[in-house]
Amino acid sequence: MEMNNKYVDILPEVENALIENIPIVALESTIISHGMPYPKNLEVSRRCEEIVRTYGAVPAVTAIVDGRIKVGVTSEELERLAKSKDVLKVSRRDIPTALANGSDGATTVAAAIMIADMVGIRVFATGGIGGVHRNVEDTWDISADLQELERANVCVVCAGVKSILDIGKTLEYLETIGVQVMAYQTQEFPAFYSVESGYQANYMATSADDVARIFKIKMDMGIDGGILVGNPVQREYAMEKAIVDSAIEQAISEANVKGVTGREITPYLLSRILSLTDGQSLNSNTQLVWNNCKVAAQIAVSLTGITQEKEIRQYLARMPKP
Ligand code: PSU
Ligand code: MN
């Protein structure tokens, strides 16, 4: 997808990395503004950036600040996204509205990978992605994250999906839209807080190089769309299934009673699970996000080694300089 840079600010470090073919990992910001409480969210996202750097890539948090799309944020902007109560949750549909109104917006996975694809960033890390909700028959609630994976040429590293969602239906949906789902160094697609979900991934990726070489072939062939890598939480930080399940059941039934729906439901469930597990889930959430940043950076490094990324240079050449 082409983009008009009239609306986009690429941080100089990220722009330089694009020009020089230096590995980059895009990161979302809904997890910062709506997924974790302050100040833990700031601490976690700063560490995400550090980890990406440690493994040889440049981090690029995507967000909207004062109605401008940011690819890479400054330290001050990150702090504002973490602290402010006035940050919209922005998915694909919300981007033009947020820009028109000069809003601050935190990007979901959908918005983040759409933006990454526009500028030519090929690897992205998060905690968990959205998916098909459990009561989809009644609500038709399917996260826009899935459809964006059909379009954006981005490798998405996550720890699977939370069982607030219907994991089986989420995987079926991804199959229907042609998204390759890999489990990283394991057979099963992970379930965020737990290593096992009971569902096999379509492919077991043996290494970052393995993911990168497959992604490169997909790009060489012009097959649009992302690939999804499920990187399980480290066993020592996984949560006991019974504890997670009961917190999730309770959170979902509370949401039903309160009539929480639409864009509010995911943040509502995430924050309820957090308090119902006494913050225990926050620690596991934190660790798995960091682990995903590491693997994403390794994939980005591997991919950069085998790609020319001509299209990135073409994109930058198109951009009118002010
Ligand atoms: N699931 C999680 N943690 C998260 C999210 C989902 O386990 O932080 C966030 C991500 O930003 C994701 C978004 O893109 O919620 C999905 O929201 P929705 O279900 O409204 O599409
Ligand atoms: Mn939804």
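Predicted, not measured: the structure shown is a model, and the values here were computed from it.
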### Lys/Arg-Asp/Glu bridge criterion (N-O < 4.0 Å) met for D94, R263
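Salt bridge between D94 and R263, a charged N being under 4.0 Å from a carboxylate O: yes.
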### Task
Enumerate the residue pairs fulfilling salt bridge (charged side-chain N to carboxylate O under 4.0 Å, His left out) with a member in residues 204-214, sequence neighbours excluded, ordered by first and then second residue.
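Applying salt bridge (charged side-chain N to carboxylate O under 4.0 Å, His left out) to every pair that reaches into residues 204-214, excluding sequence neighbours, yields D210-R213.
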We want to know whether [X] and [Y] form a side-chain donor-acceptor pair, criterion being a heavy-atom distance below 3.5 angstrom.
| X | Y | value |
| --- | --- | --- |
| Y173 | Q147 | yes |
| N202 | E175 | no |
| E28 | T126 | yes |

[X] side chain to [Y] main-chain N or O, any donor-acceptor pair under 3.5 Å?
| X | Y | result |
| --- | --- | --- |
| D166 | K169 | yes |
| T170 | V132 | yes |
| K162 | I129 | no |
| R134 | S163 | yes |
| Y184 | N292 | no |
| D145 | G130 | yes |
| T30 | T108 | yes |
| S197 | P190 | no |
| N101 | S103 | no |

### Message
Counting only heavy atoms from other residues, nucleotides and ligands, does the tally under 6.0 Å from OH of Y268 exceed 12?
### Response
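Enclosed.
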### Task
Begin from the C-alpha positions of H133 and I142 and carry the test side-chain contact (heavy atoms from CB on, under 4.5 Å) through to its verdict.
CA-CA 6 Å; H133 283 256; I142 300 174; over 6 Å; no
### Evaluation steps, side-chain hydrogen bond (donor to acceptor under 3.5 Å, both in side chains), between R46 and S75
CA-CA 8 Å; R46 288 207 197 287; S75 178; 3.0 Å; yes
### Query
Under a 4.5 Å cut-off applied to non-hydrogen side-chain atoms, are Y193 and T277 in contact?
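They are not in side-chain contact.
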### Query
What heavy-atom pair brings S284 and V233 nearest, and what distance separates the two atoms?
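Residues S284 and V233, closest heavy atoms: O-CG2, 4.3 Å.
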### Message
Looking at every non-hydrogen atom in both residues, tell me the closest pair between V229 and C155 and how far apart they are.
### Response
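Looks like CG2-SG, 3.9 Å.
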### Query
Going through the distances and angles, do K258 and E264 end up as a salt bridge (Lys or Arg N to Asp or Glu O under 4.0 Å)?
CA-CA 11 Å; K258 289 196 173 162; E264 307 302 331; over 6 Å; no
